[in-house]
Amino acid sequence: MTSLPSGSDTGAASAAFERLHPRIQRWVWEQQWTELRDIQERAAEPVLAGDRDVVISAATASGKTEAAFLSICSVLLRDREAREHTLGPGDRTGVLPAGGVQVLYVSPLKALINDQFGRLDAMCEALDIPVHRWHGDVAGSRKSKVVREPDGILLITPESLEALLITHGTHVSRIFAGLRYVVIDELHAFLGSERGAQLQSLLNRVELAVRRRVPRIGLSATLGDMAAAAEHLRPGGGHQVTILVSTDGSQELRLQLRGYEKTDPSLAKPHGEATDADGETVPADDADTPTDAVTIADDLFALLRGTDNLVFANSRRQVEEYTDLLARRCAAARVPNEFVPHHGSLSKDLREDAEARLKDRSVPVTAICTSTLELGIDIGSVTSIAQVGAPHTVASLRQRLGRSGRRGDPAILRLFISEESVSPQTAPPDALRAQLVQSIAMVELLLQRWNEAPDSGGLHLSTLIQQLLSLIAQHGGVTPREAYTTLCSHGPFSGVSTDMFAALLRALAGEPGKYNDMLMQASDGLLLLGTAGERLVGHYSFYAAFRSPQEYRLVAHGRQLGMLPIDYPVLIGSLIIFGGRRWKVVDVDDRAKLIELERSSGGKPPAFTGDGGAQVADRVRQEMLALYCRDEVPAYLDASAVRLLGQGRANFTAYGLADNRLLRLGSDTLLFGWMGDRIMGTLAVALTSAGGDVSNDGLCLTVAGMAPADVFEMLDELAAQGPPDPVGLAAIVPTKVAEKHDELLTEPLLNAGYASRSLDVLGAWKLIDDLLATQVLRD
DNA sequence: GACCTGCTGCGGAATG
């Protein structure tokens with residue numbers, strides 16, 4: 001670590017500090033910083049060079065923003081001096097024009113723009129560098145001013161940048177003429193998503209408008225896969241990106257995994273009536289609450305009260321449930337309530353109030369939250385993190401952990417994992433204690449510093465439709481060749497061939513019997529918006545690449561049961577759990593968003609079902625298998641977790657799963673693949689295509705009405721046929737409309753998009769080979 | 001059977 005001079009004019013300054021502009025040096029000194037942090041020190045050289053892309057990776061609140069902007073502002077100041085002192089009006093060769101936005105900073109959150117505006121504006125005011133905010137809550141008059149007199153640093157969201165390109169298309173090259181840097185904050189939040197593809201495309205379009213490559217600086221949390229982050233920052237050129245990972249903060253981690261088990265609710269003891277801090281009488285009877293939640297709430301109360309903490313629950317419903325249980329405990333103990341909820345359905349006021357209470361360190365407060373508090377909103381660091389229920393991914397567990405541990409203090413993580421009570425009728429996944437074992441597997445992978453790789457290779461056809469229509473609106477019309485070159489020659493849509501692009505154009509123009517009217521072609525060949533296209537682009541909802549959740553209506557025997565969000569394949573014949581009951585899917589109507597169900601017989605439905613939309617990675621399931629096969633017990637388990645792990649391992653042995661992957665259950669067969677959700681989902685589709693009646697619980701597939709020997713034979717036939725064309729296999733999946741503009745795609749394009757996003761045929765066929773090799777047929 | 005993110009221009013009313 002290097003020291004800064006104690007005065008503004010002398011001393012053994014660090015090499016990085018020496019290279020900053022004198023006015024920046026003075027600003028640093030005025031902050032009374034005694035030294036530059038490691039990441040700030042190392043970022044100076046590559047950022048000052050101004051000719052390369054850089055990923056700066058460090059923990060939340062480690063000075064990443066300054067690491068980028070100390071150097072960026074130095075360059076802006078030197079630019080200005082070069083223009084003022086060395087150049088007359090007629091001699092500007094080699095220097096960028098004075099006009100225009102010089103730094104484009106893109107953030108995934110409005111709240112983060114507001115935080116960063118406060119910090120940057122304080123620094124830039126002293127330097128006479130203007131800083132502008134541009135997002136949905138900023139007044140239109142301020143945006144007009146940026147368009148009229150663009151300069152300095154512009155803080156913007158991807159959606160607002162989209163709006164800027166569409167609304168001010170003819171001014172884009174002027175607005176960004178002097179662009180020096182693009183900064184992307186929370187880069188990891190864009191990896192593998194529609195929003196990420198949109199941002200990559202927008203930055204392509206900005207570079208095309210100014211006719212040169214602009215250096216990109218990505219700011220990222222310390223997440224495993226830096227090569228993927230670099231490739232996302234500069235698609236096709238990730239290997240040339242400078243990657244800086246902070247070496248600071250190899251912090252002590254204190255870890256505990258606590259096991260819980262549901263018991264008979266009638267045994268629960270009520271807490272009686274209580275009075276809260278305002279003297280109001282509140283109900284304090286937990287009789288309606290599952291017993292494991294009651295015990296977890298008791299423990300959270302005992303462990304967390306009096307300090308600042310974050311409790312991550314896996315759903316909004318659970319956030320509300322635990323906030324309520326904890327508030328009742330505060331009332332019963334006659335102490336002030338210090339537990340507040342935070343999730344996406346709460347009003348902005350309530351969320352900001354919770355954030356303000358977290359920032360205020362004079363009174364302890366614990367927020368019960370969903371992933372809303374995962375990203376870098378400035379709340380400072382908390383004493384400890386609690387995770388209730390199995391984490392969704394290792395990456396998100398790591399990100400959550402990063403919120404704990406003030407400088408020098410240990411980071412504290414406690415996981416609260418509960419399992420069903422087991423009876424002879426219990427479904428195998430519950431008897432295997434799969435929830436607990438998955439949580440241990442994820443903690444083990446966290447300790448190994450492993451992370452899920454972001455999804456890549458998706459075609460993102462929905463986002464390509466958005467970008468195509470946006471490009472036409474920006475320029476008032478483009479030729480098909482220009483459109484293809486601009487959008488698909490490199491960047492997020494480079495996997496789209498000219499043939500596929502042509503098919504997409506035809507689909508948007510409308511084919512006989514399916515008239516979309518999104519675009520049309522003028523007699524000179526120019527692509528123009530059709531009437532439906534004008535309407536779509538003209539509404540503000542067009543600017544976001546992602547859609548608000550698409551829900552299917554569930555109907556059973558003519559009665560509506562509710563709504564189900566679809567982000568995993570629902571196959572006809574599969575079983576789903578809804579409203580505490582087990583149902584069989586008898587029909588799926590993709591266009592009417594309707595799923596028809598009938599009651600299904602069968603045992604108790606398993607509580608563990610693969611955890612929603614997040615894809616459990618192959619490596620996680622492989623680690624689970626390894627945990628079942630080992631004898632060691634991790635030191636961070638409490639006594640109850642040790643007991644549950646022992647039960648899971650005993651049942652694993654009793655099922656014979658060490659040598660078998662097919663397990664007979666009544667007249668059905670369970671197939672344990674020990675691979676991730678993508679491969680298991682692909683295998684489910686393959687078995688369905690071969691005539692099986694398959695449902696996917698994540699951990700295992702259930703093939704209804706077939707004995708293990710018959711399933712073995714089916715697998716053998718699939719292996720003999722060899723891996724099919726993924727696009728052909730996708731054709732049998734009825735629910736493929738997932739992304740925002742997927743409705744506009746023809747069936748072949750939908751199949752191609754689905755196959756690229758959700759199928760891993762080679763992985764599934766390798767699994768089939770492994771299953772056939774491993775299986776010991778016993779009946 | 002999860003969570004999260006974002007958004008323009010205009011018209012009219014209220015205020016200075």
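Values reported hereafter were calculated over all heavy atoms of this structure, with side chains retained and with hydrogens, waters and symmetry mates removed. Keep in mind the model is a prediction, meaning the values are calculated, not measured. In what follows, chains are A, B, ... by sequence order, proteins preceding strands, each numbered from 1.
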| message | Keeping A:Q200 on the side-chain end and A:G491 on the backbone end, is there a donor-acceptor pair under 3.5 Å? | response |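 Looks like no, no N/O pair under 3.5 Å.
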For atom [atom1] of [X] and atom [atom2] of [N], their distance in whole Å:
X      : N     : atom1 : atom2 : value
A:Y322 : B:dC3 : OH    : C1'   : 17 Å
A:Q438 : B:dA2 : CD    : P     : 14 Å
A:M680 : B:dG1 : CE    : P     : 18 Å
A:Q198 : B:dC7 : CD    : P     : 11 Å
A:L536 : B:dC7 : CG    : P     : 18 Å
A:F190 : B:dC4 : CZ    : P     : 17 Å
A:L202 : B:dC7 : CG    : P     : 13 Å
A:L161 : B:dG6 : CG    : P     : 15 Å

I want to verify a distance call: between [options], whose nearest atom is closest to the [X] side chain?
X      : options             : answer
A:R351 : B:dC4, B:dA2, B:dG6 : B:dC4
A:S541 : B:dC7, B:dC4, B:dT8 : B:dC7
A:F546 : B:dC3, B:dC7, B:dG6 : B:dG6
A:T167 : B:dA2, B:dG6, B:dT8 : B:dT8
A:T370 : B:dC7, B:dC3, B:dT5 : B:dC3
A:S371 : B:dT8, B:dC4, B:dC7 : B:dC4

| query | Under 5.5 Å between ring centres and under 30° between planes: does that hold for A:F542 against the base of B:dC7? | reply |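 It does not: the ring fails the test against the base of B:dC7.
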| query | Looking across every strand, which nucleic acid part, if any, lies under 4.0 Å from A:H135 by heavy atom: base, sugar-phosphate, or nothing? | reply |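 Sugar-phosphate contact only.
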| OP1 or OP2 of B:dT5 less than 4.0 angstrom from a side-chain nitrogen or oxygen of A:K110, does that happen here? |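 It does not, given that no N or O in the side chain of A:K110 lies less than 4.0 Å from OP1 or OP2 of B:dT5.
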| said: When you measure from the side-chain N and O atoms of A:S160 to the phosphate of B:dG6, is any distance below 4.0 Å, counting only OP1 and OP2? | reply: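 So the side chain of A:S160 is outside the cut-off, no N or O lying under 4.0 Å from OP1 or OP2 of B:dG6.
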| message | Please compare A:R400 and A:G136 by the position of their nearest nucleotide in DNA chain B and report the one closer to 5'. | response |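 On the 5' side of the pair lies A:R400.
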| Given DNA chain B, 5'-ward residue of the pair A:P108 and A:K143, judged by closest heavy atom |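 Mapping each residue to its closest nucleotide by heavy atoms, the 5'-most match is A:P108.
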| said: Tell me whether the rings of A:F542 and A:H741 are parallel (<30°), tilted (30 to 60°) or perpendicular (>60°). | reply: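 If you compare the ring of A:F542 with that of A:H741, the planes turn out tilted.
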Examine the side chains of [X] and [Y] and answer whether a donor and an acceptor come within less than 3.5 Å of each other.
X      : Y      : value
A:N314 : A:Q387 : yes
A:T426 : A:E420 : no
A:R195 : A:Q198 : no

